[in-house]
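Whatever order the structure lists them in is the order used to number ligands and atoms, beginning at 1. Computed over heavy atoms, backbone and side chain alike; hydrogens, waters and symmetry mates excluded. Computed from a predicted structure; not experimentally measured.
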Amino acid sequence: MEKLIGRNLNISVFISGRGSNLLSLIKYSKIKKSKIKINLIITNNKFSKGLEFAKKNKIKNYIINYSKKKEAEHKILEYLRKNKIDLICLAGFMKILSSSFIKKFKNPILNIHPSLLPRYKGLNTHRRAIENKDKFSGATVHFVTPKLDSGKIILQKKVRILKSDTEKTLAKKVLKIEHKLYPSAIEKILKKSSF
Ligand code: GAR
């Protein structure tokens, strides 16, 4: 971690779908004070809408066939090495990375998750928060470890759940805060030496 502090970072973003968090990271990478460059986009889904952002911004992108996970991860590691990637940002990447991949990649891997972890690891976070009549939900950026959605938390932000909220309206509110949270979490790890 220490070796990343205060220097420019080459980032690879992994996506599976819409890619709105990818877009927020691309926008952030373009502001003057930003110390990140998005060099590589990886997806397991050739229909990811997020691939359009890769193309529009001329960012190298690879569609990886995940039917054989071991081979897929081997290929990804090769691309990461070739592109000198310092940090991976999972942004709506719906595949679980193996512990061997996490170990081999040596540098940090971050994930954004649509809940206030440790509450609601896994899927259907908004539905579960509403069903449990929670007053708040939110989003979390955390380090990725082999245990799903359980790595150290970097940053979290809350939103209030209103009685009138549905899964859809809550998802929209949370997504809006995600777009600010991910860049802020990267800024935070670039400043801080110990996690
Ligand atoms: C985001 O809400 C992200 O938090 C969630 O998928 C969505 C992706 O949206 N990630 C997970 O659920 C991971 N477990 P996007 O493709 O528009 O960034």
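Residues satisfying the side-chain contact (heavy atoms from CB on, under 4.5 Å) criterion with Lys46, sequence neighbours excluded, are Ile63.
In this structure the side chain of Lys60 never reaches within 4.5 angstrom of the side chain of Asn39, judged on heavy atoms.
Screening residues 51-75 for ring pair (Phe, Tyr, Trp, His ring centres under 6.0 Å), with sequence neighbours left out, gives Tyr62-Tyr79, Tyr66-Phe93.
Salt bridge Lys33/Glu187: present, at least one basic N to carboxylate O contact under 4.0 Å. Look at Asp134 and Arg128 and you find no salt bridge, because none of the NZ, NE, NH1 or NH2 atoms lies under 4.0 Å from a carboxylate O.
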Check: every ligand 1 N/O to protein N/O pair under 3.5 Å:
residue	atom	partner	partner atom	Å
ligand 1	2 (O)	Glu178	OE1	3.2
ligand 1	2 (O)	Glu178	OE2	2.8
ligand 1	4 (O)	Glu178	OE1	2.8
ligand 1	4 (O)	Glu178	OE2	3.2
ligand 1	9 (O)	Arg18	NH2	3.0
ligand 1	16 (O)	Gly19	N	2.8
ligand 1	17 (O)	Arg18	NE	2.6
ligand 1	17 (O)	Arg18	NH2	3.3
ligand 1	17 (O)	Ser20	N	2.8
ligand 1	17 (O)	Ser20	OG	2.5
ligand 1	18 (O)	Ser20	N	3.4
ligand 1	18 (O)	Asn21	N	2.9
ligand 1	18 (O)	Asn21	ND2	3.0

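Connectivity analysis of hydrophobic side chains (ILVMFWY, heavy atoms under 4.5 Å, direct or indirect) links Leu148 to Ile96.
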